[in-house]
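Worksheet for the structure shown next.
Order of listing sets the numbers, starting from 1, for every ligand and every atom in it. The structure presented is a predicted model; accordingly, all values stated were derived computationally and were not measured. Residue numbers start at 1 and run along the sequence shown.
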Amino acid sequence: MKKLYSALMTAFNEDGSVNLDGVREMVRYNIDVNHIDGLYVGGSTGESFMLSTEEKKNIFKVAYEETAGKAHLIAQVGSLNLNEAKELAKYVTDLGYPMISAVTPFYYNFSFEQIKNYYNSILEGVDNKLIIYSIPALTGVALSLDQFAELFENPKIVGIKYTNADFYLLERVRNRFPDKLILSGFDEMLLPALALDVDGAIGSTFNLNAPRVKEEIAAFEAGDIKKARELQTLSNDYITDLLNNDLYPTIKLVFEKLGVHAGYCKEPMSKPTPEMEAGAQKIYEKYFKK
Ligand SMILES: CC(=O)N[C@H](C=O)[C@@H](O)[C@H](O)[C@H](O)CO
Ligand SMILES: CC(=O)C(=O)O
């Protein structure tokens with residue numbers, strides 16, 4: 001059975017401080033309502049690249065406590081500050097996280113040698129497994145098949161969070177590394193990724209939409225591709241509406257309508273405007289109102 005992970009969001013107060021109670025509520029919703037297989041903590045969706053080390057640690061801690069063993073957990077510890085990445089890798093490993101992940105280092109056009117050293121040094125002295133977080137659209141770093149192979153020479157590197165629309169590369173990676181864990185990262189392209197035999201998916205939009213996506217995965221696994229495609233189409237209507245209304249703030253607005261205190265995004269992400277509010281209300285009524 002393929003695994004579904006929500007990318008955990010961070011609830012912020014209006015002033016940009018972290019609301020840990022809101023984070024707990026989103027963990028609970030994912031477990032109790034979504035029956036999610038796992039949570040990806042500290043990723044893009046968590047707005048983590050805008051947080052202090054202390055804030056990241058607090059989020060890792062409450063997510064771990066609130067999950068209480070009821071879902072698998074992956075902690076995204078990657079950072080442009082390698083010392084911070086190493087500190088966080090140790091921190092979450094001591095907390096009990098069974099897996100970590102790290103984004104490819106971005107912004108400075110690092111060479112592959114530098115990227116490889118970054119991963120190996122995050123893992124040095126850390127008794128844990130890691131999946132590479134590959135998201136070329138946001139980082140500008142597009143690893144090749146041979147580069148993945150070279151990173152996999154470190155036995156602690158066990159897989160990839162593959163947020164990339166390059167399905168040729170995905171097929172090549174899957175074929176060459178049948179035993180690696182590949183989790184698909186573009187929710188709107190889940191069905192083609194399933195066809196290429198990913199092990200599951202991690203995404204922001206599953207926070208609200210997981211039940212429908214689980215149905216799609218079940219249909220796919222039962223060989224009912226027509227039903228899986230219909231469900232993907234419905235999900236993509238919802239994802240398109242989200243993207244047109246500003247993704248993260250809109251997921252939070254809909255969460256609030258469901259009674260979950262997801263709060264605000266952190267600037268420079270947007271604060272909700274009346275138009276976004278109205279858009280979120282429509283999305284709620286169209287896809288989620290009981
Ligand atoms: C940057 C980002 O948020 N990526 C997510 C996971 O990798 C996805 O879940 C997307 O948000 C989603 O597929 C919408 O494009
Ligand atoms: C999956 C995703 O969006 C993340 O990195 O949080």
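When only non-hydrogen protein atoms are considered, atom 1 (C) of ligand 2 lies nearest to K161 NZ, 2.9 Å. In this structure, atom 15 (O) of ligand 1 lies nearest to the protein heavy atom E188 OE2, 2.7 Å. Nearest non-hydrogen protein atom to atom 7 (O) of ligand 1 is K161 NZ, 2.7 Å. Of the protein's non-hydrogen atoms, G185 O, 2.9 Å is the one closest to atom 6 (C) of ligand 1. Summary of contacts: the protein heavy atom closest to atom 3 (O) of ligand 1 is Y248 OH, 2.6 Å. Among all non-hydrogen protein atoms, the one lying nearest atom 4 (C) of ligand 2 is S44 N, 3.3 Å. Counting protein heavy atoms only, atom 10 (C) of ligand 1 is closest to S204 OG, 3.7 Å.
Inspection of the S44 and Y248 side chains reveals no N or O donor paired with an N or O acceptor under 3.5 Å.
Ligand 1 places these atoms under 4.0 Å from at least one heavy atom of T163: 7 (O). Listed by atom number, the atoms of ligand 2 under 4.0 Å from A7 heavy atoms are 1 (C), 2 (C), 3 (O), 4 (C), 6 (O). For ligand 1, the atoms sitting less than 4.0 Å from at least one non-hydrogen atom of F186 are 13 (O), numbered in the order shown with element in parentheses. For ligand 2 and I202, the ligand atoms under 4.0 Å from any heavy atom of the residue are 1 (C). Counting the atoms of ligand 1 from 1 in the order shown, those under 4.0 Å from a heavy atom of I135 are 1 (C). The contact set between ligand 1 and D187, taken as ligand atoms under 4.0 Å from a residue heavy atom, comprises 8 (C), 9 (O), 12 (C), 13 (O). Here is the list of ligand 1 atoms found below 4.0 Å of a heavy atom in L247: 11 (O). Residue contact check: L138 has heavy atoms under 4.0 Å from atoms 1 (C) of ligand 1. If you number the atoms of ligand 1 from 1 as listed, the ones under 4.0 Å from a heavy atom of G203 come out as 9 (O).
Under the 6.0 Å distance and 45° angle rule, K2 does not count as a cation-pi partner of F220. Taking the centre and axis of the six-membered ring of F288, the NZ or CZ atom of K257 falls outside the cone set by 45° and 6.0 Å.
Across every non-hydrogen atom of N34 and S6, the tightest pair is ND2-OG, 4.4 Å. The minimum heavy-atom distance between V18 and F12, with the atom names listed, is CG2-CE2, 3.8 Å.
Put simply, I115 and F106 are part of the same group of oily side chains (I, L, V, M, F, W, Y) that touch within less than 4.5 Å, one to the next. Hydrophobic cluster membership differs between L258 and L253, with clusters built from Ile, Leu, Val, Met, Phe, Trp and Tyr side chains linked at under 4.5 angstrom. Residues Y238 and I36 are members of one and the same hydrophobic cluster, defined by side-chain heavy-atom contacts under 4.5 angstrom among Ile, Leu, Val, Met, Phe, Trp and Tyr.
For Y133, the closest heavy-atom approach to ligand 2 falls below 4.0 Å. Residue L242 places every heavy atom at 4.0 Å or more from ligand 1.
For N154 (side chain) and L151 (main-chain N/O), no donor-acceptor pair under 3.5 Å exists by modelled atom type.
K61 NZ: 12 or fewer foreign heavy atoms inside a 6.0 Å radius. Within a 6.0 Å radius of CG in D15, more than 12 heavy atoms belonging to other residues, nucleotides or ligands are found.
Using a 4.5 Å heavy-atom cutoff, the side chains of S184 and M189 are not in contact. By the 4.5 Å heavy-atom criterion applied to side chains, L183 and I74 are counted as neighbours.
Considering backbone and side-chain atoms together, S44 places no N or O closer than 3.5 Å to any N or O of ligand 1.
Only the side chain of T45 comes within 4.0 Å of ligand 1, judged by heavy-atom distances. The residue Q76 has no part lying near ligand 2, judged by heavy-atom distances below 4.0 Å.
Nearest to atom 6 (O) of ligand 2 by heavy atom, out of L247, T45, V41, is T45.
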